[in-house]
Amino acid sequence: MKSRVTIVLGLQWGDEGKGKILDVMASEADWVLRAQGGNNAGHTVEIGGEKFVLHLVPSGILRAKVSCLIAGGAVVDPAGLVKEIEGLAKRKIRTQGRLFLAEQAHLVLPQHRAVDQGSEKKRGLAKIGTTGRGIGPAYSDKATRVGLRAGELALPAAELARRLRERVAAHNRAASSQGWEKISATKTVREIEKAARFLRPYLADGVTLAHRAVAGGKRILIEGAQGTFLDVDHGTYPFVTSSHCTAGGACTGTGVPPTAIQRVVGVLKAYTTRVGGGPFVTEDGTLGHLLHGMGREFGSTTGRARRCGWFDAVLVRRAVQLNGVTEMAITNLDGLDGLEKIPVCVGYRFEGKILHEPPVESSDWARCRPVYRVFEGWCEPTTEARHWKELPRRARIYLAAISQMVGATIGIISVGAGREQTFRHG
Ligand code: GDP
Ligand code: IMO
Ligand code: MG
């Protein structure tokens, strides 16, 4: 049977509008699998003016017929997930029998949050600007093979408590010398046991579930979190998250093999944003001021104002290569509606040369200066457009040029946060 798996991921530094695009695409899907990351993510979906922000639960949950899996590549804060599920229940979104938590997923424990926050404090001005959710330390324990996995939530209470106490003791032994806050073992056991009782019915072997869906010819969306340049291998290291946000991570995170992938939809903004530290060649304070003034570009997880800048074609071209993007979904076109001139970065000026590929070192990347090609703005609203031909001529010129520069076709265009403000190109 022909496989029908689509990866949907971010091509910039996260917050590209993946939640919105996934929600739209989920109208024609059976499954949404969240591949990686944790509750550092915040995926916003707006339906009829009502706003949902999803952190761990796949965006497909808002479509009643879609089943959802938090796959093994994700890291799960048990109490955080319970809170999210309860929040959905209050808003009449049913999760029982249609949301599954992979036993393979690693747990984020209170001590991981303490290490994350303590390490950031120690870094001072050189801090990464993490979300403080314990994501890096949880992935670090996974890599050093001392992590606990979601499947262990089903252990008899005494055994789960023993394993938790052992982890907390190791943390507390290291805490003083490292400057981390010590953690109470009793509180940890209480918090995790309570969440375990709630989450047990959701547990499943994520790989078997995913493969059944693939073999059954189900329409599957793999939901990426964060974005290409936050990927621990391919991002602006060390200003990255600790998981693989690129297409390869979608495969390892879910256990769905590369040969089963049919499409890769890269989501990107018509401009660029990033939250936290790290290089950002096209950052522009005036654009940031303008977008923040419109009430836009505040983080959905931490509420921090996002840094804003112009579209960076050097960056997105690399993202298209890394992910094997088969089509792009461009969001937030309407953010540029009022501008008379719109610069696009077509190269980086660095040590007397013009680069067309980003440098390897973040410190070099930070020293690059943008080479801009300036487009005429369209200076009229795009928010009512529902067809390519309804876009202003200059907006079409802008989009076509971007597509040509980065080497990928545009499949979807988004001109507002609402479901209906989306249309296919061609
Ligand atoms: P994600 O993490 O990639 O899912 O993105 P976020 O939800 O963190 O941030 C994207 C923000 O842009 C959210 O507030 C969305 O509601 C909003 N959004 C998505 N697409 C559009 C669009 O085309 N226009 C406008 N105005 N807002 C959009
Ligand atoms: P979604 O899925 C934007 C950023 C943080 C920080 C860096 C490391 O909503 O696009 P972490 O807490 O992961 O160790 O922080 O990564 N970051 C995100 N930025 N969107 C996200 O997720 C992000 N998740 C993490 O701001 O710079
Ligand atoms: Mg987000």
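Indexing begins at 1, ligand by ligand and atom by atom, following the structure's order. Bear in mind that the values here come from a model prediction, so they are computed numbers and not experimental data. These values consider heavy atoms only, across backbone and side chains, with no hydrogens, waters or symmetry-generated copies.
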Mind checking whether [X] has an N or O less than 3.5 Å away from an N or O of ligand 1?
X      : answer
Arg296 : yes
Asp15  : yes
Lys269 : no

Closest to [atom] (judged by heavy-atom distance), picking from [options]:
atom                    : options                      : result
atom 24 (N) of ligand 2 : Arg306, Arg304, Gln226       : Gln226
atom 21 (C) of ligand 2 : Leu54, Asn39, Ile135, Asp15  : Asp15
atom 9 (O) of ligand 1  : Glu16, Gln421, Arg306, His43 : Arg306
atom 8 (C) of ligand 2  : Val240, Asp116, Thr131       : Val240
atom 4 (C) of ligand 2  : Leu230, Thr241, Thr302       : Leu230
atom 9 (O) of ligand 2  : Gly38, Ser300, Gly42         : Gly42

**Complete:** Atoms of ligand 1 under 4.0 Å from any heavy atom of Ser414, numbered from 1 in the order shown, are 20 (N), 21 (C), 22 (C), 23 (O)
**Asked** What atoms in ligand 1 come closer than 4.0 Å to a heavy atom of Gly17?
**Response** 1 (P), 3 (O), 4 (O), 5 (O)
**Asked** Which atoms from ligand 2 have a heavy atom of Gly276 less than 4.0 Å away?
**Response** 27 (O)
Report yes or no: does a heavy atom of [X] sit under 4.0 Å from some atom of ligand 2?
X      : value
Arg274 : no
Arg133 : no
Gly227 : no

**Request:** Answer yes or no for Gly42: is there an N/O/S atom below the 2.8 Å cut-off from the Mg ion (ligand 3)?
**Result:** yes
**Item:** Trp13 and Phe280 aromatic ring geometry - parallel, tilted or perpendicular at 30°/60° bounds
**Value:** tilted
**Taking atom 15 (O) of ligand 2 as the reference point, the nearest protein heavy atom with its distance** = Thr130 CA, 3.3 Å
**Request:** Check Trp13 against ligand 2 and report side chain, backbone, both or neither, counting heavy atoms closer than 4.0 Å.
**Result:** backbone
